[in-house]
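Have a look at the structure below, then the notes.
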Amino acid sequence: MELIVMLTYNDFTVCNAPQIFKSCRDSKANYWGFKEHPLPLADMKQLYTEMKRCGKTTFLEVVAYSEDEGLAGAEMCAECGCDILMGTSYHDSIMQFCNRHNLRYMPFVGEVSGRPSILEGTIDGMIAQAREYIGKGAFGIDLLGYRYTGDAPLLNRTFVSQVPAPVCIAGSIDSYKRLDEVKEANPWAFTIGSAFFEGCFGATIREQIDKVCDYINQPVL
């Protein structure tokens, strides 16, 4: 299980993302990403280049739901040389674009709306969607577990156990209680963004990253 550090607050990239990465690039986190807004594309490309130079696996999470917005996000991801496209509502055209450009694609499932995003739908319905998308070539699934209007821990456990592909639990992981629930679900990865900027796990962002990485590697009691 990997922590994906998201340089974001309330589903938008923070303006000082390059400076924060520079101060934290030697932390214990190997997976890094941010959102499609509001950094200029040139700044995004430069930051992803620096992340790759430091040996990081890179993610762009697109918080948009129309086909055109999703395609634009995929194009941005490819132009930036990013490794994995997260988010968007699934569309075959986005999957085809990702295949052509060697991008790994992890779309949302369920009924997602708003920004910060909200997740609605049934657990069985989301699992069925995930299996369909994986069958069409998706690398994995971006599950907005703690944005769910229902029973989030139940969704996370059930979904991860029944979806035969990488699952990232994304959004609103802001306490050790939720980290314990994520450890129990045991996804491929999970994101933390806003919680680091709110100091939920310590004083500095660098300190919090290392504390979370250490914590998730402790055995579940």
Charged N to carboxylate O under 4.0 angstrom, R115 versus E36?
yes
Between the side chains of Y215 and D180, does any donor sit under 3.5 Å from an acceptor?
yes
Validation row: L7, M51 side chains within 4.5 angstrom (heavy atoms):
yes
Does the side chain of L143 come within less than 4.5 Å of C168's, by heavy atoms?
no
One should read off an interatomic distance between L103 CG and M86 CE, to the nearest 0.5 angstrom, of 13.5 Å
According to a hydrophobic-cluster definition based on side-chain heavy atoms being under 4.5 Å apart (Ile, Leu, Val, Met, Phe, Trp, Tyr only), do F34 and V63 belong together?
yes
Should the pair W32 and F21 be assigned to parallel (<30°), tilted (30 to 60°) or perpendicular (>60°) ring geometry?
perpendicular
Any side-chain heavy-atom pair of E120 and Y148 under 4.5 Å
no
Using only heavy-atom distances, determine whether the side chains of Y9 and E198 contain a donor-acceptor pair under 3.5 Å.
yes
With the 4.5 Å side-chain cut-off for hydrophobic clustering, are I134 and F97 part of the same group?
yes
What do you reckon, are the aromatic ring centroids of Y31 and F59 less than 6.0 Å apart?
yes
Please report the shortest heavy-atom distance between C80 and M44, naming the atom on each side.
SG-CB, 3.9 Å
Check this for me: does any side-chain nitrogen of one of E50 and R53 sit under 4.0 Å from a carboxylate oxygen of the other?
yes
Please report the shortest heavy-atom distance between R178 and S172, naming the atom on each side.
NH1-O, 2.6 Å
When you group the ILVMFWY residues by side-chain heavy-atom contacts below 4.5 Å and let the links chain together, are I169 and I141 in the same group?
yes
Enter the distance from Y105:OH to K136:NZ here, rounded to the nearest 0.5 Å.
10.5 Å
When the ring centroid of Y133 is compared with that of Y90, is the distance short of 6.0 Å?
yes
Would you say the side chain of T58 lies within less than 4.5 Å of the side chain of I84, judging by non-hydrogen atoms?
no
Within the 4.5 Å heavy-atom criterion, are Y65 and T88 side-chain neighbours or not?
no
Is it true that D151 and R157 make a salt bridge, defined as a side-chain N closer than 4.0 Å to a carboxylate O?
no
Any side-chain heavy atom of P116 sitting closer than 4.5 Å to one from R147?
yes
Do V5 and C24 come close enough that some side-chain heavy atom pair is under 4.5 Å?
no
Other residues, nucleotides, ligands: >12 heavy atoms within 6.0 Å of Q19 CD:
yes
Tell me whether K56 is salt-bridged to D83, with the criterion being a basic N under 4.0 Å from an acidic carboxylate O.
no
Specify the closest pair of heavy atoms between S194 and N10, including all atoms of both residues, with the distance to one decimal.
OG-N, 2.8 Å
Closest approach of A17 to T13 (non-hydrogen atoms, all atoms of both residues):
CB-CG2, 4.0 Å
Any side-chain donor-acceptor pair under 3.5 Å between S66 and E69?
yes
Should T57 and N30 count as side-chain neighbours, where that means a heavy-atom distance under 4.5 Å?
no
